[in-house]
Structure formats: C-alpha cells, structure tokens
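First up is the structure itself, then whatever we jot down about it.
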Amino acid sequence: MKSMEARLRAASHTLALLGFVGLLGLSIMISLDVLLRWLAGMPLQGVNDVSAVVMAVVISACIPANLAMKQNISVEVAGAMLGGGTKRALDTFASLVTLVFIVLMAWQFVPYTMNLHANGDRTWVLAWPVWPWWAVASAMIIFAAVVQFLVFVADFAALIRGDADRFDSGPEGRDPHL
Amino acid sequence: MDPLFIALIGFIVMMVLILLHVPIGVSMALVGVVGFAQIVGWEPALTLMGSEPASAMASLDLAVIPLFMLMGSLAAASGLASDVYNLAYALIGHRRGGIATTTIVASGGFGAICGSGVATTATFGRVAMPEMLSRGYRSDLAAGAVAAGGTLGIIVPPSGIMILYAVLTEQSLLDLFAAGVVPAIMAIAFYIIAIRIKLLFDPEAGPAGEKTSLAEKIKALKQAWGALVLFTVVMGGIYSGIFTVNEAAAIGVVVAFLFALLRRKLGWQNFMKVLAEASAGTAMIYVMVFGATIFSYFMAVTGAAAFLVTAITSLPIPPEAIIFTLLILYIFLGAFFDEVAAMVITLPLVVPLIQSFGYDLVWWGIINVVVIGIGMLAPPIGINVMVLHSMYKSLPLRTIYRGILPFLCAEFVRLTLLTLFPEITLWLPRMLH
Amino acid sequence: ADTLRFSSFEPPVALVTKEILTPWAKDVSAASNGALNVQIFAGGSLGRDPAQQLQLVEQGVADIAWVIPGYSPGRFQEGTVAEIPFLVPDATAGSAAMWEMYEKGLFKGDFNKLKMLGVFASFPNFVAATKPVSTPADMNGLNFRAPGPTLLTAIKALGAVPIGGITGPSIADSISKGLIAGTLTQWGAVETFRMADVITHYNTVPLGATPMLVVMNKSKYDSLPKEAQEALDKFSGAAFSERFGAIFDKSMKDTRERIAANPAVTIVDPDDKLMAEWQNAVSVAKTNWIEQNPEGQQIYDAFAAAIAANKSSQ
Ligand code: NA
Ligand code: NA
C-alpha cells in the first residue's frame, strides 16, 4: 500500500513536470510569434488556438501532483488547536470530501469530452479538432481521482494506527499567496 | 424552500467544511453544486463540475498565472534576487539601518519580476537575513524587514493576487497592474519610514554597513543587468503597450529561462525543482477558481447577492462606513482564516455591493491586495512569518512579530489613505487610457 | 408563478441585455398574469463563457439564453446564411427575414431541438481599422480579427491574415499592441469594448451580419401552463425580431453619431462603384457558402428574397 502510494506520487510528479515543460514550449512559441510580428511583420497563425488547448492539458497535468502533495489551500486551525488524533480525523475527512470532488469532476469530464467529439468542435483559425486534447485532460483528471483515493486510504490507515503526522508540506507548500 | 434560506445554509455549510480542513476550492465547489441542485435540479448542477473547470483550464486570461509563476521561479533560481540585493546595497547600504532599507528596496525590485509574496520572503530570507545578522542587526528588525519586504511580492505588480482578482471579477489585468504602481511605491516609502522611526527609538538595532566605492557600485550595477533586462522587457513591454500581458509573461519566462541557462544556474535537478514549485502553486489557484466560479453561480441563482445589496444599501449608513466595516471584517477573519480565501469566498456577495456604491472594482482589487498583505504579516498566522520561522527555527515567533510591528503600522496607514482617497490608486490607469 | 432563468453573458448595462432582453422579460412576465417570472441573469452570472450559453439551456442550468451560434460551429449551420457579405442591410430587415426563414422550416437541424423564441441578425459587420482601408486591396496583409469563425472566409478572401481567439474585452488591447490592425465589427461593439479610443478608420461596407438567437429549453416550455406559453408566444417570433431590429438599428445610428463626432475618426461610406469592387473581392464567401451547404442555393435565394421583401416594406 505504502509503496503504491509512493509510486503514484512519483508518477504525478513527473506528469506535472511534463505539463510545465509544455508551458515552457508554449512560452517559446508565443515569444516567437511576437518576434516575427515585430521583425518580419508576419506573425504565426493560430497561436491563441494552440495556447487554449495546450493550457487545458498543462493545467490538468498539475492536478494529480497537487492532490498527492495535499497542496490545496485549507484552514487547519482546528486541527492545530485540538491536536493529534482530532487532526488526523479531520485530515481523513478532508481527504474523503476531496475524493468526492475529484470523482465528480472526472465523471463530468467524460461526457464533456464526448460532447465536443459529437459536435465536432474545432479551434477557430487552425480548425484543429478540440476533443483529443480534452480526452488527454480527462485522463489526467481520472488519474487524479485514483491518486486521491490512495491518499484517502493512507490517511485512513494513519488514523486507525494513530501515526504521528503523516505528511507536512510546511508553510511554503501551502502558500495561498501565489 | 426559500432560495435565500438555501443560500444561507450553503454559506454556513461551506464555512463548516473549511473549518474541518476541507480545501477551500473543494468546499466551494461541492457546496455550490449541491446548492445549485436544490434550485435547478441535479442533472444541470452536476454538469457544472465539468464545464466550469474546463472553461477555466482553457482560459487565456488565467493562463497568465502559471506563466508569471514560472517566470518568478526561474528568476529566483538564476540568482537574480542576489543581484538586485547587491545593487541596492551598493547604493544605500552604508547608512544607518541601511541593510534593512536595502532589503525593502531589493524586495520591491524583485517583486517587479516575481508575483508571489512567499517566494519573495523565502528568497530574501536566504539572501538578506544572514547579511543583517552577521553585521550585528537586532534579529527583530532583520526579520521584520524580510517578512514585510516579502509582501512587496504581491504589492508590486506583477502580482498573483491581482491576476486572480482580475479573472474572478472580469476586470482588465492591465488596469489592475497600473493601479498597483503608486500604492506599491507608497508601500516601499512607508516601510523605509517605519525603519527610520524604529531606529529613532532603538538606534543600535541597525548599524550602518560599509561604504562602497564607485567602482563597486558600477560592478553591482553591471551584475544586476539580468534583473534589469527582465524587468524592462516585461513591465516596460506591458505599460508601453508593446505586448499584451500574456505575451509579456511568456517572453518573461523565456528570458528568465535563458538567463538561468547562460549563468549555468540550471542543473537538471534545479530545473525540476523550479518546475515542480511553479506547477504546485498553479494547480492550487486553479482549484480555487473552479470552486469560486461554481459557488458564485449558486449565489447568483439564489438571488442572495441581489438581496444583500438591497438590504445593505437601504440601511441609513454611508458607504464609507460599510467599506471600513468590510475591511475590519476581513482583517478579523484573517486572524483564523486565510485572507485570500476570505476574499475569494466573499467576492460574489461583495462585488455587487461595491459596484452599487459606485466604486471602481479596480480600486477594490488594490484594497484587497493591501488587506491580504497585512494578513501575510499579522498574527496569529502570518504566512511570511511562518516561512521565515521555518527557515530560522532558532528565531522565536514572538521576536519576528515584534519586528513586524512598525511595518504593520505603516500598512494600516497606507490602507487608510488608499481607502479614503481612491484617486491615488485610479490616477495612473486613467491616465494610461 | 414559474420562474424562468434567462442567461446573458453580456454585462447588465450592455445594449442587447439592457435595452432588448430585460424589457422583453418584463413584458412577458407582465402579460402572463402572474403565471411567469422571467428573471435575467446578466454578466454571465449563470455561465461566463459566451460559447457555453447553448449548453446552459440544453442542460437546464438556464431556461432561456441569448446565444451567438457562431461560437458553436456547425450547430445552426443554415442560420450562417446571414454572415454572407452584402446580404443583410440592417438588423431590422435581417431579423425579420431570419424569423421568416425559420418559420418556413428552411432552418433545420439544431433549430428544431430547441424552442426558438427569437432568431435575429445583427447590423452588418464592417471594417474598423487603425489604417485607412478604402479599397479591398488595402486589406492585403493586415492582421484582422473576425467576430466569428465563418467571417474568416471574407477576411481570407481579402488577403488579410485572420487572427482568432481574441475575445471582446481584449480587442482594444490587441489593437493598441499591434497584434491586429483591426476587426470586422459594428458600432455597438466598438463602444462596448472601448475600441473607439484606438480605431481611427471605418469603412461601412456590409461584410456580413452576426446571427443571434434567443432559445428556450423545449421540455421546459412544454411543461408550462397555457397562460404562460401564451405570454411567451405573444412577444416571441416576428414580434421579437421587430423589437430586436428596431432597437439595434436605432442604437447603431446613435452610436455612429457619437463616434463620428471625434475629429480623428474617418468614416468611409463606399459609393456604388467601390461597393461593386468589394462585392467582387469577397464573392468567394458567397460561392463557398452555397457549395458547402446542402440546399445552399435554395436557402440563399429564399433569404435574399425575404430580405428584399422586408427592405421594401419599410
Ligand atoms: Na510582484
Ligand atoms: Na494572518
């Protein structure tokens, strides 16, 4: 169980990194577009088309790691005041609710993507079909749901066993201030 | 059931979930969906869990957030912060309290290429803190200057908070950045004055640094060219009207990446660390945006916002009093709640209210940034203080909070001025139009 | 009373929402003798994305929505006939003709999946640029934004470079940064999106209108009591087209006067000779449309006839 969670966490991490490599690529493309517009007066066609679909994949790629590392903004005053056992119980509860959230999201992303496929939605200028990008995004969200399930199981196990703090990302890890 | 009653229950359940450790974005999204379902039905309500995250993920306006995050992380990794610090030190370090002032000015300069308050605090916690302590600075002044300087990460544009606010309230990001300039200069000036006043009472707290020769000044200037180029390209490009904000952010990423490569600061390990840092922050913001959007649809469909506006505006109280009540409420909420969360949660109710008073939403955005900055410093949980404490475990929290006090006073003065005189904020964006 | 949620992505103060949809909702509610309460959710408060408005109605998030079919390519294909250059002279004739086409059953496909309350055409889009554009040749090589994917054909036909994905609020910014040299648009949008500060040259050649719909969820309509349905019917269809056209055109006239008052602005109203030149330059948009749509010629002819009839009746 433990190693499974660790492996999925590593996989999430890699996904997020790949996502941001994509973002770097996107930045290079946008910069090139600006340069060409300036120097040659001939911009690239369809930069915004590419940006929108690539962004969907970039962001969805970050979500599994975000859940695996518990990096969402939360208020943990109650746990800090009430201490050990209560804190673990609250963390487990929060993991369960987060699981419901991501499962709902994964469930709704499938019909959303199928709709795009059925309607044949395309990007404006390049007329790329949109659905393959959203299929990738949906797969990431489904993977995120699996990751969150294991996070919940691990939290629950820690609660039963009465472990010390299972996970602490420190103040920087939960920085809500961007 | 009366929709208003559903709205009230929804709000309470959301607060309870948040207090039970459930992430804020998750709480807002789930309560939003369930509440929406009570009024509109389950099937349409559930589709919000697909359509709203999807439109946020493909939004080019929101795309600015990950781009600026990546730029800031790359800039920090390539050592641009130390360059800015050295330059500021060469120019003003030799005066009494000079290194504290240097820290503030350098944080402001770094804030102009980094959109995060915590990243700024952590960066100067590494760069400036050891300098001050080794030169006999009292640890409270040193810690106060670093933590307060950290708030300049969000106060000086570009600012992650401003981007989030602009997206959630559909305001022009360019206007918000422009509106942030004068208040940011005020913040730096007020912080410096706070240091001077502190030194009046306690002259030994911040001894003067060594004087630097002209040659050393020129050397520091030459070394800081990377930061200057990045700043000029990004902010100069935006304000002079050469690039759109998205383009500036993308070019900033590329320029910062090139610097990191050229300076050989970007080993494989370090590159991975930078990407991980930026991606973690990004997902956090997007989850919050998903929740905020869905929750705001719930509030809209119940008519709660409209009801609240009518109720409050019919009270025989001047708008100014209501604005100040709101500010006190936010600062009070900040004691046990996160200020960013407080802003996001209350936006669907507060924005229509601010508009009904005839105030500019760009101005309110800047006011929110000030309040959030105060929240980053104020006890019991000032995130900047926590970051600094985690870096210097031997430094007691009490000492850091004592050091912050003068800076906090400066922030309250600034908040009062900006609230009473919206013109200070709105002058620049209007001039640019 | 049944409450109907009417979604508009426009801010509550924008032309169509403020002057057309909101009064319409009030009139319907009043005529229903308390059976209906049509509530406007403006500013995207039920869904921010203009492209998502149709889905809002299909999924039941909203009961009624103002929809720009151009955002859902392929869904209301026959209706894009209004986008063909030189067909629609103004919103009044265009909207009357659009409803006639729908009523005669010439608009099929997705038109039948929803309850159509209004089928309109905007005032025709024309050239708004930062450079003088008098002849079609002046467009050559310029970066241009089109308000919808199908207007791209006209832009390409003129040898300009089409730029997509620029939303209304970012047009002015994109123009002042030189990302685009201009856009095809109409007077109302020039003001709404603050383009008046950056655009100096207008050429009112009618390069195609934007189709617009007010749609309702069919099963919701069917579930309503007779009194409520009658109130909706009374203000829908031809009557809604008339209301839409009159207010839209009046606002175009007023806005044009305000914009023309700026001495820095040049407005070209092309004469017959110049018109013919433009019509010739963009004729491929018409031929393409007729070729690419089944029964394209028949729909085109019927629409042209409906426009002609409504023009002469004014
Ligand atoms: Na900043
Ligand atoms: Na705080």
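Throughout, a chain's letter reflects where its sequence line sits, starting with A, and its residues are numbered from 1. Predicted model, so just to flag it, every value in this text is computed and none were measured.
Separation of atoms OG (B/S51) and CG (A/N115) is listed at 10.5 Å; rounding is to 0.5 Å. The distance from atom CG of A/L90 to atom CG of B/L19, rounded to the nearest 0.5 Å, is 10.0 Å. If you take CG on B/L60 and CD1 on A/I30, they are separated by 8.0 Å, rounding to the nearest 0.5 Å. Of the inter-residue distances, the one linking B/F257 atom CZ with A/I28 atom CD1 reads 6.5 Å to the nearest 0.5 angstrom. Atom CD of B/E52 is separated from atom CD of A/Q108 by 12.0 Å, given to the nearest 0.5 angstrom. Atom-to-atom distance recorded for B/I251:CD1 and A/L35:CG is 7.0 Å, nearest 0.5 angstrom.
For a residue to count as touching a neighbouring chain, one of its non-hydrogen atoms must lie under 4.5 Å from one of that chain's; by this rule A/A137 touches chain B with the side chain only. Neither the backbone nor the side chain of A/S95 has a heavy atom closer than 4.5 Å to any heavy atom of chain B. In this structure, chain A has no heavy atom under 4.5 Å from any part of B/L62. Contacts between B/T282 and chain A at a heavy-atom distance below 4.5 Å involve the side chain alone, from C-beta outward. In this structure, the portions of B/L20 lying under 4.5 Å from any heavy atom of chain A include both its backbone and its side chain. Looking at A/W133, there are no atoms closer than 4.5 Å to chain B (heavy atoms on both sides), in backbone or side chain. Of the two parts of A/V34, only the side chain, counted from C-beta on, holds a non-hydrogen atom closer than 4.5 Å to a non-hydrogen atom of chain B. Interface remark: A/A16 contributes backbone and side-chain atoms alike to the contact with chain B (heavy atom separation under 4.5 Å).
At least one side-chain heavy atom of B/P66 sits less than 4.5 Å from a side-chain heavy atom of A/F20. At a threshold of 4.5 Å between non-hydrogen side-chain atoms, the residues B/M272 and A/H13 do not count as touching. Within the 4.5 Å cutoff, no side-chain heavy atoms of A/L17 are placed close to those of B/F271.
Annotation for B/A280 and A/Q71: closest pair CB-OE1, 3.2 Å, computed over non-hydrogen atoms. Shortest non-hydrogen contact noted between B/V26 and A/T98 is CG1-CA, 3.9 Å. In terms of heavy atoms, A/W134 sits closest to B/A58 at CZ2-CB, 3.8 Å. The two atoms that bring A/F109 and B/P53 nearest to each other are CE1-CB, 3.9 Å, heavy atoms only.
Among A/F101, A/Y112, A/W107, the single residue meeting the side-chain contact (heavy atoms from CB on, under 4.5 Å) criterion with B/M49 is A/F101.
The side chain to side chain donor-acceptor pair (under 3.5 Å) pairs that include a residue from residues 372-382 of chain B number zero, where partners must be two or more places apart or lie in different chains.
Contact tally against chain B (heavy-atom pairs below 4.5 Å) for A/P111, A/S27, A/C62: the top residue is A/S27. Comparing B/G25, B/A276, B/A54, B/G252 by heavy-atom pairs within less than 4.5 Å of chain A, the highest count is held by B/A54. Highest contact tally toward chain A, considering only B/P23, B/S279, B/G50, is held by B/S279 [criterion: heavy-atom pairs under 4.5 Å]. Contact count against chain B (heavy-atom pairs under 4.5 Å) is highest for A/L104 among A/I141, A/V57, A/L104. With respect to chain A, the highest number of heavy-atom pairs below 4.5 Å among B/L46, B/T244, B/V254 belongs to B/L46. Note on B/L48, B/V274, B/V287: by heavy-atom pairs under 4.5 Å with chain A, the leading option is B/V287.
Taking a 6.0 Å sphere around CZ of A/F149, one finds it holds 12 or fewer heavy atoms contributed by other residues, nucleotides or ligands.
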